[in-house]
Chemist: 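Mind looking over this structure? Questions follow.
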Amino acid sequence: RVNLRVFVPDQAGNIVPAKSDLVNNLYVMDLNYDPIHKDVKFVEDGLFSILVPNRPFAIATAITVPGFGYAWLFADNDGKGYQQSVAGSELLLNLELASSRFFTLQSYYKKCKSEGCQLSTSIKRQIDKASALLNRARFLRPTDMAKAATLSMASLKESMWAGEEVAFELAKHRIARNKREERFLFGCNAFKYNNPDGDYERYFREIFNYATLPFYWRGFEPTQGKPNWDRLDRMSDLLGKAGITLKGHPLIWVYDTAGIPSWLEDKTFGNFYRLSKYRIHDIVEHYKGRIDIWDVINEAHEFANALNFSREQLLELTRMACEETHRANPNAIRIINNTMMWGQYAVGLGDKKRTKWTPREYIADVVSAGIDFEVIGIQMYYFHNDILEIDRLLDRFEVFGKPIHITEIGVSSSTAEDQASHVKHPHGLWREPWSEKIQADYLERLYTVAYSKPYVKAITNWDFSDEGGHFWPHGGFLSSDLKPKESFFRLKGLIQDWLSH
C-alpha cells in the first residue's frame, strides 16, 4: 500500500487535512483512465492508504479547487503512471495532482506553438504563475507539507484556468484554419415539438438542423402489440418538412423506468432479445427514409442493466441491435450510446471489488467482437471534469477509428431546485455558481472544443426548454415560459459564425 497526504479547502478557503469522507472520492485507475479499484482506507485526518496494483496506475479524486470550482483531478506521475515500487512510501496528493495537471498544460501549450496558435499574455502569465507556485511547493514538500499543499492548490487554480483557455484557444484556431466540408449536425431532443407555429418550434428551427425523437419502449408501446405510431409519425413529419435531420432514441435500453415495458413479465434474456429484435425491425423499417440515424443501444456497459444480463449477453444484444437495424434499413447510421464516460460507477461508492465495464472497455470489446456500427455516442453531463479533461476524453475515444456524436449535454443555468425536471438539484460548481452566463460560457467552450475535432460529427443538447418534463435542472436553452436564455443567443451566434466560413 501507499500512503496519501491530502489537504482540502474548508468553508473559509483555508487548506486543511482532509476528513474521512474523502474516501468516497478516491480511486485508483489505469493509464486509460479506467478505474481499477477503490480500496482506500482512512488512517487519520489528512492521511489515506491505498492498495497498489501490479501495473502502472494513476490516482483520481474530486475536490474543490479554490478560485476554480469542484472537479475531478488526476495524478498520473506526469503521464508515466506510478509503479508498484511506490508501495510503502508517502505521496502528497495535492502536489502530485498539481504536477500532473501542469504537465498536461505544458503539452497543450506545445501543441499551440507547433500549430501556430497565438496565446494571450494573460494566459502565459497564468502558466508562469502555475509553474512558480509548483516549484515552491516541491521545494517545501520535505519540510512543510501543509504549506506545500496550499501552494499546490494555488498552482492547480492557475493551471486549470490556463488549461481550459489553452484548449479553447487551440480549438478556435483549428476551426478558423480547417473548414468543414460535411453538414455538421447541431441538435437537441425535440420531445415537445408538435406545433409548427409555436414558440418552442420556431426557436428550435432558428438554431438546429438535427432532432432526437423518443422511442422509449415503455412509452412507445404501453400495451403489448400496440405501439403508439401516431405521435412519432406527426413529429417526424413536422420536423422533416422543416428540413431537420432526425434521430431515433433508443432502440434498446435495459433500464427499468423507460426501456423495459411494464407489461413484460418474462424478463429472461431470451425473451427480451426476441421481443427487442421484432421491435427494432418494425420501428426502423416503418421510419426508413424519414429517420435514418438511430441510437441502437443505450448505456449497455452495465450502467443501465436492470435485468442483470451478463457482459456476453449485453454484447449479443449490441450485435443484434446493429444487425437488425441494418437489415431493416441498410442506409441507417447506427450509434452505440454511452454515459458516465470516466466510468467512476465501475468501482462504486465504497466498493472494493470492481465488477463493471467502463464505456471505453465496452466499446473496445464491441470492436474486438467484430460488431459493425457507424458511430460512438458520448454523453456529456460532466462539468465535474473541466474542459481540458473533456478535450482529452474525446481524443481517447478517437483511437477506435469511428466518428463520434456527442449525444446528450446538460448544463444548468441556475442553482435553484427545479421541481419540473427529472433531476431536481443542480450539480457541481464551475468557476462560479450556475447562472445563465455561466451556462453559456461552459457550453461555448464545450461546443467549440467538440466542433474543432474532425471526428466529431454531431452535438446534441438534451433539453431545449425548462417548461416541464425536462431531464436536467434548468438545462434548456429556453426558460420555463419559453424565453431564450443567454445560451440560446451564444450558441446561435457560434453556429452562424462557423457555418459562414
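No experiment lies behind these values; they were computed from the predicted model shown.
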Chemist: Do Glu164 side-chain atoms and Ile387 backbone N/O form a donor-acceptor pair below 3.5 Å?
Modeler: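 A pair under 3.5 Å: yes.
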Chemist: Do the charged groups of Glu398 and Arg396 touch, with an N to O distance under 4.0 Å?
Modeler: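 Between Arg396 and Glu398 there is no salt bridge, as every charged N stays at least 4.0 Å from the carboxylate O atoms.
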Chemist: Once the angle between the rings of Phe464 and Phe477 is folded into 0 to 90°, is it parallel (under 30°), tilted (30 to 60°) or perpendicular (over 60°)?
Modeler: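 Phe464 and Phe477: tilted rings.
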Chemist: Can you find a pair of side-chain heavy atoms, one from Leu443 and one from Arg490, that are under 4.5 Å apart?
Modeler: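 Side chain of Leu443 against side chain of Arg490, heavy atoms only: no contact under 4.5 Å found.
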Chemist: Without hydrogens or angle criteria, can the side chains of Thr61 and Asn25 be said to hold a donor-acceptor pair below 3.5 Å?
Modeler: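 No - no donor-acceptor pair under 3.5 Å links their side chains.
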Chemist: With no hydrogens and no angle check, do the side chains of Trp430 and Gln439 hold a donor and an acceptor under 3.5 Å apart?
Modeler: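 No, no side-chain donor-acceptor pair sits under 3.5 Å.
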Chemist: So, for Tyr27 and His37, is the gap between ring centers shorter than 6.0 Å?
Modeler: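 Between Tyr27 and His37, the centre distance exceeds or equals 6.0 Å.
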Chemist: Check this for me, if you would: do Asp441 and Arg431 make a salt bridge, where the nitrogen-to-carboxylate-oxygen distance has to be below 4.0 angstrom?
Modeler: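 No, this pair does not count.
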Chemist: If only atom types and distance count, is the side chain of Ser131 paired as donor or acceptor with the main-chain N or O of Ile127 below 3.5 Å?
Modeler: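 No.
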Chemist: Roughly how far, to the nearest 0.5 Å, is the CG atom of Leu170 from the SG atom of Cys112?
Modeler: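 One gets 4.5 Å once the value is rounded to the nearest 0.5 Å.
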Chemist: Between atom NZ of Lys457 and atom CD of Glu374, what is the distance when rounded to the nearest 0.5 Å?
Modeler: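 Here the rounded value is 13.5 Å.
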Chemist: Verify side chain to side chain donor-acceptor pair (under 3.5 Å) between Ser155 and Arg136, making sure each step is shown before the conclusion.
Modeler: CA-CA 10 Å; Ser155 176; Arg136 288 175 59 197; over 6 Å; no
Chemist: Establish, from distance only, whether the side-chain atoms of Tyr70 and His427 form a donor-acceptor pair under 3.5 Å.
Modeler: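 On atom types as modelled, these side chains do not qualify, holding no pair under 3.5 Å.
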Chemist: Look at the rings of Phe186 and Trp498 and say which category their plane angle falls in: under 30° parallel, 30 to 60° tilted, over 60° perpendicular.
Modeler: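 Ring orientation, 0 to 90° scale: parallel.
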Chemist: One thing to verify: whether Asp34 and Arg360 come together as a salt bridge, which I'm taking to mean a side-chain N less than 4.0 angstrom from a carboxylate O.
Modeler: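 Salt bridge: yes.
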Chemist: Taking the six-membered ring for Trp, is the centroid-to-centroid distance between Tyr381 and Trp472 below 6.0 Å?
Modeler: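 Ring centres of Trp472 and Tyr381 closer than 6.0 Å.
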Chemist: Would you indicate whether the side-chain heavy atoms of Arg334 and Val375 approach each other to under 4.5 Å?
Modeler: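 No; the side chains remain at least 4.5 Å from each other.
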Chemist: Can you tell me if Ser100 uses its side chain to pair, donor with acceptor, with the backbone of Leu97 under 3.5 Å?
Modeler: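 Not a single qualifying donor-acceptor pair exists.
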Chemist: Please determine whether a side-chain nitrogen of the Lys or Arg among Glu165 and Arg445 lies less than 4.0 Å from a carboxylate oxygen of the Asp or Glu.
Modeler: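 Here Glu165 pairs with Arg445 in a salt bridge, since their nearest N and O are under 4.0 Å apart.
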Chemist: Side chains of Gln379 and Thr407: do they bring a donor and an acceptor to under 3.5 Å?
Modeler: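 No.
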Chemist: For the pair Ser89 and Tyr82, evaluate side chain to side chain donor-acceptor pair (under 3.5 Å) and give the outcome as yes or no after the intermediate values.
Modeler: CA-CA 12 Å; Ser89 63; Tyr82 300 97; over 6 Å; no
Chemist: In terms of side-chain geometry, is the basic nitrogen of Arg141 or Glu96 positioned less than 4.0 Å from the acidic oxygen of its partner?
Modeler: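 No salt bridge links Arg141 with Glu96.
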Chemist: Just wondering, do Phe74 and Asn385 contact through their side chains at under 4.5 Å, heavy atoms?
Modeler: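 Yes, their side chains come closer than 4.5 Å.
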Chemist: Hey, does the side chain of Lys129 reach the backbone of Ser159 with a donor-acceptor pair shorter than 3.5 angstrom?
Modeler: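 Side chain of Lys129 to backbone of Ser159, a donor-acceptor pair under 3.5 Å: no, none is there.
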Chemist: Verify, without hydrogens or angle tests, whether Asn338 (side chain) and Gly377 (backbone) share a donor-acceptor contact under 3.5 angstrom.
Modeler: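 Yes: the side chain of Asn338 pairs with the backbone of Gly377.
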Chemist: Do the charged groups of Arg319 and Asp372 touch, with an N to O distance under 4.0 Å?
Modeler: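 Between Asp372 and Arg319 there is no salt bridge, as every charged N stays at least 4.0 Å from the carboxylate O atoms.
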Chemist: When you measure from the side chain of Thr64 to the backbone of Pro66, do you find a donor-acceptor pair of N or O atoms at a distance under 3.5 Å?
Modeler: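 The answer is no, because no donor-acceptor pair under 3.5 Å joins these two groups.
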Chemist: Assess the side chains of Tyr447 and Ser452: does a donor N or O sit below 3.5 Å from an acceptor N or O?
Modeler: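 Looking only at side-chain atoms, Ser452 and Tyr447 do not form any donor-acceptor pair under 3.5 Å.
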Chemist: May I ask you to test the Asp30-Phe57 pair for a side-chain heavy-atom distance under 4.5 Å?
Modeler: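 Asp30 does not reach Phe57 side chain to side chain.
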Chemist: Step by step, work out the side chain to side chain contact (heavy atoms under 4.5 Å, CB included) result for Asn337 and Glu408.
Modeler: CA-CA 9 Å; Asn337 198 32; Glu408 300 180 33; 3.5 Å; yes
Chemist: Are Lys179 and Glu181 close enough, and set up right, to give a salt bridge (Lys or Arg N to Asp or Glu O under 4.0 Å), and what steps lead you there?
Modeler: CA-CA 6 Å; Lys179 178 176 173 56; Glu181 299 299 331; 5.8 Å; no
Chemist: Once the angle between the rings of Tyr442 and Trp434 is folded into 0 to 90°, is it parallel (under 30°), tilted (30 to 60°) or perpendicular (over 60°)?
Modeler: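 Taking Trp434 first and then Tyr442, their aromatic rings stand perpendicular (interplane angle over 60°).
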Chemist: Side-chain donor-acceptor pair under 3.5 Å between Ser120 and Arg125, yes or no?
Modeler: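 The answer is no; no qualifying pair exists.
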Chemist: Within the structure provided, determine whether Leu134 and Leu95 are in side-chain contact (heavy-atom separation under 4.5 Å).
Modeler: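 Yes; the side chains approach each other to less than 4.5 Å.
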Chemist: Looking at Lys147, I want to see if its NZ is surrounded by more than 12 non-hydrogen atoms of other residues, nucleotides or ligands under 6.0 Å.
Modeler: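 Not more than 12 within 6.0 Å, no.
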Chemist: Verify whether one side chain among His301 and Asp365 offers a donor that lies under 3.5 Å from an acceptor in the other.
Modeler: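 Their side chains do not contain a donor-acceptor pair, so the 3.5 Å distance test is not met.
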Chemist: Less than 4.0 Å between a side-chain N and a carboxylate O, is that true for Glu432 and Lys437?
Modeler: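 Not counted as a salt bridge, because no side-chain N and carboxylate O are separated by less than 4.0 Å.
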Chemist: Tell me, please, whether Phe400 has Lys402 positioned over its six-membered ring: NZ or CZ under 6.0 Å from the ring centre and within 45 degrees of its axis?
Modeler: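 No, a cation-pi geometry is absent between Lys402 and Phe400.
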Chemist: Decide whether Asp395 and Tyr455 meet the rule of one side-chain donor and one side-chain acceptor closer than 3.5 Å.
Modeler: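 Checked: Asp395/Tyr455 side chains pair up, N/O donor to acceptor below 3.5 Å.
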Chemist: Any donor-acceptor pair under 3.5 Å linking the side-chain atoms of Arg138 with those of Ser99?
Modeler: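 Note: Ser99 and Arg138 side chains meet the donor-acceptor criterion.
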Chemist: Please name the pair of heavy atoms, one in Ile406 and one in Ala450, separated by the smallest distance, quoted to 0.1 Å.
Modeler: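 Reported closest heavy-atom pair: CD1-CB, 3.5 Å.
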Chemist: Report yes if the side chains of Thr460 and His405 come closer than 4.5 Å at any heavy-atom pair, otherwise no.
Modeler: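 They are not in contact (no side-chain heavy atoms under 4.5 Å apart), so the answer is no.
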Chemist: Test your reading of the model: is there a side-chain donor-acceptor pair from Lys172 to the backbone of Glu169, 3.5 Å cut-off?
Modeler: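 Not a single qualifying donor-acceptor pair exists.
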Chemist: Can you say whether the rings of His422 and Phe471 are parallel (under 30°), tilted (30 to 60°) or perpendicular (over 60°)?
Modeler: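 Ring orientation, 0 to 90° scale: parallel.
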Chemist: In terms of heavy-atom contacts, does CZ of Phe139 have more than 12 from other residues, nucleotides or ligands at under 6.0 Å?
Modeler: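 Open: at most 12 neighbouring heavy atoms sit under 6.0 Å from CZ of Phe139.
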Chemist: Could you please spell out the steps behind the salt bridge (Lys or Arg N to Asp or Glu O under 4.0 Å) verdict for Arg177 and Glu115?
Modeler: CA-CA 10 Å; Arg177 184 187 62 189; Glu115 296 184 30; 3.5 Å; yes
Chemist: Looking at Lys110, I'd like to know if its NZ atom is crowded, meaning that more than 12 non-hydrogen atoms belonging to other residues, nucleotides or ligands lie closer than 6.0 Å.
Modeler: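 Result for NZ/Lys110: open.
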Chemist: Under 4.0 Å between a side-chain nitrogen and a carboxylate oxygen: does that hold for Glu436 and Lys485?
Modeler: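 No.
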Chemist: Would you say the side-chain atoms of Arg311 and Tyr362 include a donor-acceptor pair closer than 3.5 Å?
Modeler: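 Per modelled atom types, Arg311 and Tyr362 side chains form no pair under 3.5 Å.
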Chemist: Has Asp418 got a side-chain atom pairing as donor or acceptor with Lys424's backbone, closer than 3.5 angstrom?
Modeler: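 No, the answer is negative, given that no donor and acceptor are paired below the 3.5 Å cut-off.
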Chemist: Just verifying a value: how many Å separate Ile335 CD1 and Ile404 CD1, rounded to the nearest 0.5 Å?
Modeler: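 Answer rounded to 0.5 Å: 11.5 Å.
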Chemist: Taking Asp386 first and then Arg101, would you say they form a salt bridge - that is, a charged N and a carboxylate O separated by under 4.0 Å?
Modeler: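 Between Arg101 and Asp386 there is a salt bridge, with a charged N closer than 4.0 Å to a carboxylate O.
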Chemist: Please confirm whether the backbone N or O of Met340 pairs with a side-chain atom of Tyr382, one donor and one acceptor, at under 3.5 Å?
Modeler: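 Checked: pair present.
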Chemist: Flag yes if more than 12 heavy atoms outside Lys19 fall under 6.0 Å of its NZ atom; otherwise flag no.
Modeler: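 Atom NZ in Lys19 is not packed in, count stays at 12 or less.
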Chemist: Does either side chain, that of His470 or that of Asp463, offer a donor lying less than 3.5 Å from an acceptor on the other one?
Modeler: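 No, Asp463 and His470 have no side-chain donor paired with an acceptor closer than 3.5 Å.
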Chemist: Describe, in one word, how the ring planes of Tyr255 and Trp253 are oriented to each other, choosing from parallel (under 30°), tilted (30 to 60°) and perpendicular (over 60°).
Modeler: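 Aromatic pair Tyr255/Trp253 classed parallel.
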Chemist: For atom CD of Gln118, decide whether the heavy atoms of other residues, nucleotides or ligands shown that lie under 6.0 angstrom number more than 12.
Modeler: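 No.
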Chemist: When you measure from the centre of the six-membered ring of Tyr451, is the NZ or CZ of Lys453 under 6.0 Å away and within 45° of the axis?
Modeler: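 Verdict for Tyr451: no cation-pi partner in Lys453.
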Chemist: If you draw the axis of the six-membered ring of Phe303, does the NZ or CZ of Lys356 fall within 45° of it and under 6.0 Å from the ring centre?
Modeler: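 No - Lys356 does not lie over the ring of Phe303 by the 6.0 Å and 45° rule.
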Chemist: Is a side-chain N or O of Asp295 found less than 3.5 angstrom from the main chain of Asn298, in a donor-acceptor match?
Modeler: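 No.
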